[in-house]
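All residue numbers in this chain count up from 1 along the given sequence.
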Amino acid sequence: MYPNSPSLGRIPLPLPCARQQQTSAYLSKVPVSVAPDLLSPEQFFQASLNIHKNAKRRSDEGNSPYDVKRQRFQSPQEQTVNHQAVPLRGDIRCSYPGSPAFPLLQSPSPPVLKGHSSNSGDCWLYDHIDTTLPVAKDKLSKQILDLFQALQQQVCDLKKKDICRAELQREIQQIFPQSRLYLVGSSLNGFGIRSSDADLCLVLKEEPMNQNTEARHILSLLHKHFYTRLSYIERPQFIRAKVPIVKFRDKVSGAEFDLNVNNVVGIRNTFLLRTYAYLDKRVRPLVLVIKKWANHHGINDASRGTLSSYTIVLMVLHYLQTLPEPILPSLQKKYPECFDRTMQLHLVHQAPRNIPQFLSKNETPLGDLLLGFLKYFAVEFDWSKDIISLREAKALPRTDDYEWRNKYICVEEPFDGSNTARAVYEKQKFDLIRAEFLKAWVALRDNRDLYSLLPVKGIMKKMHSL
């Protein structure tokens with residue numbers, strides 16, 4: 001149980017009904033492009049000062065090593081005392097002066113689904129999705145399906161993460177009342193496994209935010225608040241990176257979380273990938289098994305210069321788009337109105353919900369698709385001349401633009417074609433990745449047995465124990 005959950009008598013945060021109606025009427029006249037202004041430096045300073053003045057230090061959770069994927073900054077080490085979570089005083093709540101209420105909070109709450117508690121967050125997460133699996137007619141395809149079923153995130157896993165998201169949103173809205181907290185990444189896009197960390201995006205405005213200054217300042221306030229006030233948050237760490245995060249563990253669910261601020265492209269990408277995930281029954285099993293293979297062979301760690309999980313997903317989707325008879329289309333070209341990069345965030349999850357499954361004439365079984373994927377990137381794709389583009393559903397020729405220079409693997413960001421989603425910069429790492437693809441392709445081609453690539457039984461046993 002969360003200390004400040006509504007079931008313990010906490011006063012809910014939403015505005016009174018009359019004020020909500022008044023705000024909604026006002027918002028209907030506001031142009032789509034209007035976004036709240038950023039907090040002034042004086043408000044940041046005041047919020048920081050008040051949090052520092054009124055907070056009590058929580059007990060140190062221990063000094064055992066804690067692996068993270070990015071540069072680590074330890075939480076403050078001061079004399080600690082036991083505490084209880086207490087609602088913040090009204091004088092440290094930060095808002096946006098002169099701005100309308102944030103549109104993200106104005107969409108009507110979805111009905112509570114049968115079997116789910118009212119504090120389970122966004123109920124649309126549990127909408128029925130066709131998760132029927134393809135029929136496996138050969139040994140390798142059956143092995144892929146068996147491993148996928150052991151790996152895939154369960155509804156109960158997602159629900160635990162979303163309940164924590166909802167509790168944190170209530171807490172953060174005590175400081176930033178017009179904010180909204182989104183669950184993003186693999187936990188929501190259909191490509192998560194049972195042990196996946198959860199990514200959270202705190203949105204304060206729909207405009208871009210400077211990640212080096214503004215986002216870091218906000219995260220520093222939240223890091224201190226998590227560390228001093230929330231008993232269910234364990235080991236919060238403020239990590240500086242290109243996109244800074246606060247990393248922590250939720251004691252109630254046992255899930256690990258990465259929290260960023262205003263990295264809104266991650267929200268758009270989440271629902272784009274989620275739509276791809278369910279366009280064809282073969283997509284999710286293929287992606288999850290390839291992710292597990294890459295992780296097992298040490299080429300799925302962006303912090304060490306190899307491939308991120310996000311890059312691997314884009315690579316698999318790109319391969320399925322570029323087959324002689326494509327299994328996937330370009331969703332951004334086929335349904336541009338559903339993936340408009342200017343769409344307001346509170347509509348992003350609704351737009352693609354009615355997109356039907358893509359009816360491909362390609363009936364290639366999973367085993368052959370896995371073999372073809374490995375061969376494509378081992379010997380067919382021209383890494384020196386081409387860029388992977390999900391948006392265009394094809395390989396694009398490299399230009400001499402700065403963004404593509406001195407990189408061995410380039411994958412285009414789906415919502416921003418001028419930027420790389422991820423890249424590999426070191427030749428040594430590139431050679432390692434190519435070697436693993438080649439080795440896996442040869443092994444699978446010769447014996448068509450997934451056990452030659454992965455310790456399948458050990459992985460499945462570990463997943464079943466979670």
Side-chain angles (χ1 to χ4, degrees), residues 2-4 38-39 44 47-48 50-52 55-78 80 83 85 88 92 94 160-176 179-188 196-205 209-267 270 302-303:
Y2 294 93
N4 283 344
L38 188 66
L39 293 174
F44 269 135
S48 179
N50 283 320
I51 290 176
H52 179 74
K56 293 184 179 181
R57 291 292 177 194
R58 65 185 287 178
S59 59
D60 191 354
E61 298 288 349
N63 297 316
S64 59
Y66 183 54
D67 294 332
V68 295
K69 295 182 179 179
R70 306 170 182 85
Q71 183 180 0
R72 180 172 62 182
F73 287 74
Q74 294 292 345
S75 301
Q77 301 293 322
E78 295 185 19
T80 57
H83 75 284
L88 291 172
I92 64 172
C94 302
K160 287 177 183 177
K161 293 173 182 178
D162 190 52
I163 289 174
C164 181
R165 179 208 61 81
E167 295 296 333
L168 278 175
Q169 178 170 272
R170 293 186 186 97
E171 196 68 43
I172 292 171
Q173 284 174 350
Q174 294 288 328
I175 306 173
F176 301 106
S179 63
R180 180 70 185 264
L181 192 60
Y182 285 84
L183 186 64
V184 297
S186 63
S187 295
L188 193 54
S196 290
D197 293 352
D199 295 311
L200 296 171
C201 178
L202 176 66
V203 178
L204 300 179
K205 60 175 185 175
M209 178 180 287
N210 188 312
Q211 293 292 316
N212 287 326
T213 55
E214 299 163 340
R216 285 186 181 183
H217 199 147
I218 293 166
L219 285 171
S220 69
L221 296 180
L222 295 178
H223 172 248
K224 182 172 290 187
H225 182 59
F226 289 0
Y227 189 74
T228 59
R229 307 297 289 274
L230 303 187
S231 60
Y232 59 89
I233 296 300
E234 184 177 36
R235 301 183 303 218
Q237 296 173 338
F238 179 38
I239 300 170
R240 297 174 186 270
K242 183 178 180 180
V243 176
I245 62 168
V246 170
K247 192 176 186 75
F248 60 91
R249 179 180 180 272
D250 170 37
K251 290 182 181 178
V252 179
S253 66
E256 303 277 353
F257 287 86
D258 290 350
L259 168 66
N260 70 70
V261 174
N262 256 77
N263 185 33
V264 295
V265 70
I267 300 173
T270 294
S303 71

Is a donor on one side and an acceptor on the other found under 3.5 Å between the side chain of [X] and the backbone of [Y]?
| X | Y | value |
| --- | --- | --- |
| Ser179 | Leu204 | no |
| Gln169 | Leu181 | yes |
| Gln173 | Arg180 | no |

Which atom of [X] lies closest to which atom of [Y], heavy atoms considered:
| X | Y | result |
| --- | --- | --- |
| Asn262 | Cys201 | N-SG, 4.0 Å |
| Asp197 | Glu256 | OD1-CB, 3.4 Å |
| Lys161 | Ala255 | CG-CB, 4.3 Å |
| Gln211 | Val261 | NE2-O, 2.9 Å |

[atom1]/[X] to [atom2]/[Y] distance, rounded to the nearest 0.5 angstrom?
| X | Y | atom1 | atom2 | result |
| --- | --- | --- | --- | --- |
| Asn263 | Asp199 | CG | CG | 9.5 Å |
| Leu188 | Leu183 | CG | CG | 5.0 Å |
| Gln237 | Tyr227 | CD | OH | 10.5 Å |
| Phe238 | Arg216 | CZ | CZ | 6.5 Å |
| Leu219 | Arg240 | CG | CZ | 10.0 Å |
| Thr270 | Tyr182 | OG1 | OH | 11.0 Å |

Determine whether [X] and [Y] make a side-chain contact, defined as any pair of heavy atoms from C-beta on separated by less than 4.5 Å.
| X | Y | answer |
| --- | --- | --- |
| Phe257 | Ile245 | no |
| Val252 | Glu167 | no |
| Asp162 | Arg165 | yes |
| Gln174 | His225 | no |

Task: side-chain contact (heavy atoms from CB on, under 4.5 Å) partner of Phe248, chosen from Ile233, Leu230, Leu222 - done: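 Testing each of Ile233, Leu230, Leu222 against Phe248, the sole residue satisfying side-chain contact (heavy atoms from CB on, under 4.5 Å) is Ile233.
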
Task: Step-by-step side chain to side chain contact (heavy atoms under 4.5 Å, CB included) determination, Phe176 to Val203 - done: CA-CA 10 Å; Phe176 301 106; Val203 178; over 6 Å; no

